[in-house]
Amino acid sequence: MATSVKPLRAAGMNALVTGGNAGIGYFVAEQLASAGANVVLGCRDAGKAAAAATAIREQIPGASVDHMPLDLADLQSLKSSVDTLELDRLDVVVLNAGVALDSPPRRESVDAYELMFATNHLGHFALLHWLAPLLTAAPAARIVTTGSFAARSERLDLDDLQSTESYDPKRTYGRSKLAQMSFGFELDRRLRTAGSPQLSVVVHPGGALDSLTPARAGVHTRSRTQQLLGLPAGLLLHGKDAGALPAVRAALDPDVSGGQLWGPRQFGLRGAPHVEQPHGHMTDPETAALLWTKSVELTGVDPMAAWDNVPDTPPPAGDRWF
Ligand SMILES: NC(=O)c1ccc[n+]([C@@H]2O[C@H](COP(=O)([O-])OP(=O)(O)OC[C@H]3O[C@@H](n4cnc5c(N)ncnc54)[C@H](OP(=O)(O)O)[C@@H]3O)[C@@H](O)[C@H]2O)c1
């Protein structure tokens, strides 16, 4: 059985999940499909996307699942990725895909940026720019950004965003997640200033382990031994199916507000989703504004451009209002 997200409803909604082929993103996609959404899996491997779509349809017969080719580590490719979407609007985007390296050497993206900062933050920042016309076409779209508890102990070094001066994989990962969270909160402030009905919500999955995650044919296998070895960890952590719940709640719950942080209830590590108080360094508007400016410089695009270009008065009669 798919993890239930009832009573959340998504019938008629279009939802894109980056990294929807594996891990938490797979379960976000499955749970959104279970709630009735037309789900698009944004992923770089067509074979993995097909396997995930099959697995979702096995859980939810009749589910509507598509694939958008997506490589977040290649900024130039993002516009053509979005151009493949055959949608008139996007109601939900879950910015979930992520890379976490645990050992050196420092690696770079196609654009010669540090790989984790490039994939996790810059790729999603630029993707959102290209998605903005579809998001503004929806009545009240939600943009859900996936952070991490790893961001709690980190601070952004705005003079060394590429970790060229000092590279520690764990710290660089934590900083990339902090950059994402800072961006998610800043995006909501900018949407509110623009008077937009769209919401930006930040989530984190707690600690979500493969060994605690139910199997899905073609996507994730778990042997009986792995299941048994994972049991003690289950006291503190949970599976990726449960790790998906904050994002699904943020995407669909009518009571969610923009600028909120959702995470698991028990010590921020496991359990049902609840609203958390973000740490001050995650919501600092000065740091976020500087990060935004640098992100525009590094990607060449601004996600708010589409909102800034929305005319605030109707066009003359006979003109189309794009
Ligand atoms: N698991 C946890 O305990 C935990 C804790 C805190 C935060 N998070 C965050 O939660 C999110 C999901 O984590 P997870 O544990 O589910 O990770 P995962 O199982 O490793 O899955 C990562 C997903 O991201 C995709 N991805 C990686 N690089 C990409 C790129 N360049 N372009 C497009 N997609 C790319 C992967 O695609 P491929 O299959 O092609 O590699 C995969 O679908 C991440 O943002 C992570 O930082 C996880």
Side-chain angles (χ1 to χ4, degrees), residues 16-30 40-53 55 67-78 81-82 94-102 107-111 113-124 126-127 144-154 169-170 172-181 183-184 202-213 216 218-222 230 233-234 236-248 250 261-264 268-270 276:
L16 170 67
V17 183
T18 70
N21 62 284
I24 294 164
Y26 167 81
F27 285 96
V28 172
E30 183 185 287
V40 182
L41 310 174
C43 27
R44 54 188 170 174
D45 184 316
K48 288 184 182 180
H67 172 221
M68 180 185 88
L70 175 69
D71 184 355
L72 290 162
D74 180 358
L75 292 173
Q76 294 304 315
S77 70
L78 298 179
S81 289
V82 171
V94 180
L95 307 177
N96 157 84
V99 60
L101 303 176
D102 46 20
R107 289 173 54 190
E108 292 188 345
S109 67
V110 171
D111 308 287
Y113 297 144
E114 189 286 317
L115 187 65
M116 291 184 277
F117 181 67
T119 306
N120 302 352
H121 172 60
L122 292 179
H124 281 128
L127 177 67
V144 179
T145 298
T146 310
S148 170
F149 50 69
R152 287 185 198 169
S153 51
E154 296 302 336
K170 284 197 168 49
T172 298
Y173 169 73
R175 288 177 181 183
S176 76
K177 300 310 287 181
L178 176 56
Q180 286 190 267
M181 296 174 88
F183 161 69
V202 180
V203 300
H204 76 94
L209 301 183
D210 284 322
S211 58
L212 297 171
T213 304
R216 291 291 185 268
V219 175
H220 166 64
T221 52
R222 182 176 57 153
L236 269 182
L237 309 172
H238 57 190
K240 295 194 174 183
D241 52 334
L245 293 172
V248 175
L261 172 64
W262 282 77
L269 290 174
R270 72 185 300 278
E276 287 181 17

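Worth saying up front: this structure is predicted, and the values here are computed from it rather than measured. Numbering starts at 1 and runs along the sequence shown. Ligands are counted one by one from 1 in listed order, and the atoms in each one are counted from 1 as well.
Counting only non-hydrogen atoms, the option in G147, G98, A208, G243 that gets closest to atom 7 (C) of ligand 1 is G147. Comparing heavy-atom distances from atom 34 (N) of ligand 1 across S148, A97, A244, S176 singles out A97 as nearest.
Among all protein heavy atoms, the one lying closest to atom 37 (O) of ligand 1 is N21 OD1, 3.8 Å. Of the protein's non-hydrogen atoms, the one nearest atom 32 (N) of ligand 1 is L72 N, 3.0 Å. Protein heavy atom closest to atom 41 (O) of ligand 1, with residue, atom name and distance, is R44 NH2, 2.8 Å. Atom 5 (C) of ligand 1 has as its closest protein heavy atom G206 O, 3.2 Å.
For the pair D102/P169, no side-chain contact is recorded, criterion being any heavy-atom separation below 4.5 Å from C-beta on.
For ligand 1, the polar-atom distance check finds no N/O of T119 at less than 3.5 Å from any of the ligand's N/O atoms. Polar contact check, I24 against ligand 1: a nitrogen or oxygen pair lies under 3.5 Å apart. Checked by distance only, ligand 1 and K240 come closer than 3.5 Å through their nitrogen or oxygen atoms. Considering backbone and side-chain N/O of G207, none are found under 3.5 Å from N/O of ligand 1. Below 3.5 Å of separation, one finds no N or O of Q180 facing any N or O of ligand 1. Distances between N or O atoms of C43 and those of ligand 1 include no value under 3.5 Å. Backbone and side-chain nitrogen or oxygen atoms of T146 are examined, and none is located within less than 3.5 angstrom of a nitrogen or oxygen of ligand 1.
The closest approach between any non-hydrogen atom of Y26 and ligand 1 is not below 4.0 Å. Ligand 1 lies nowhere less than 4.0 angstrom from a heavy atom belonging to G123. By the 4.0 Å heavy-atom criterion, G42 is excluded from the residues contacting ligand 1.
Between the T146 side chain and the L95 main chain, a donor and an acceptor come within less than 3.5 Å of each other. Using a distance-only test at 3.5 Å, with no hydrogens or angles considered, no donor-acceptor pair links the side chain of D241 to the main chain of F27. A side-chain donor-acceptor contact under 3.5 Å links S77 to the backbone of D74. Within the 3.5 Å criterion, the main-chain N or O of C43 finds a donor-acceptor partner in the side chain of H67. Of the possible donor and acceptor atoms, one in the side chain of R222 sits under 3.5 Å from a partner among the backbone N and O of T213. Panel note: side chain R270, backbone L237; a donor-acceptor pair is recorded below 3.5 Å.
Close approach of ligand 1 to A73 is summarised as follows: ligand atoms under 4.0 Å from at least one heavy atom of the residue are 31 (N). Distances below 4.0 Å separate heavy atoms of L70 from the following atoms of ligand 1: 32 (N), 33 (C). Ligand 1 places these atoms under 4.0 Å from at least one heavy atom of G19: 43 (O). Set against the non-hydrogen atoms of D71, the atoms of ligand 1 under 4.0 Å away are 30 (C), 31 (N), 32 (N). Numbered from 1 in the order shown, with element, the atoms of ligand 1 that lie under 4.0 Å from a heavy atom of K48 read 38 (P), 39 (O), 40 (O), 41 (O).
Each of K177, K170, R175 was compared with E154 under the salt bridge (charged side-chain N to carboxylate O under 4.0 Å, His left out) criterion, and only R175 meets it. Under the side-chain hydrogen bond (donor to acceptor under 3.5 Å, both in side chains) rule, H124 has a single partner from N96, T18, T145, which is T18.
To the nearest 0.5 angstrom, H220 atom NE2 is 5.0 Å from D210 atom CG.
F117 and A179 make their closest contact through CE1-CB, 4.0 Å (heavy atoms, listed as atom of the first residue, atom of the second, distance). Listed here is the closest heavy atom pair of L261 and M181: CD1-CE, 3.9 Å. Minimum heavy-atom separation, Y113 to A118: CB-CB, 3.8 Å.
Neither the backbone nor the side chain of H204 has any atom closer than 4.0 Å to an atom of ligand 1 (non-hydrogen atoms only). Under 4.0 Å from ligand 1, heavy atoms of N96 appear from its side chain as well as its backbone. In P205, the part holding a heavy atom less than 4.0 Å from any atom of ligand 1 is the side chain.
Ionic pairing of E30 and R216 is present here: one or more N-O contacts between side-chain nitrogen and carboxylate oxygen are shorter than 4.0 angstrom.
Checking atom 47 (O) of ligand 1 against the protein gives a heavy-atom contact under 4.0 Å.
At most 12 heavy atoms of other shown residues, nucleotides or ligands fall within 6.0 angstrom of atom CZ in R107.
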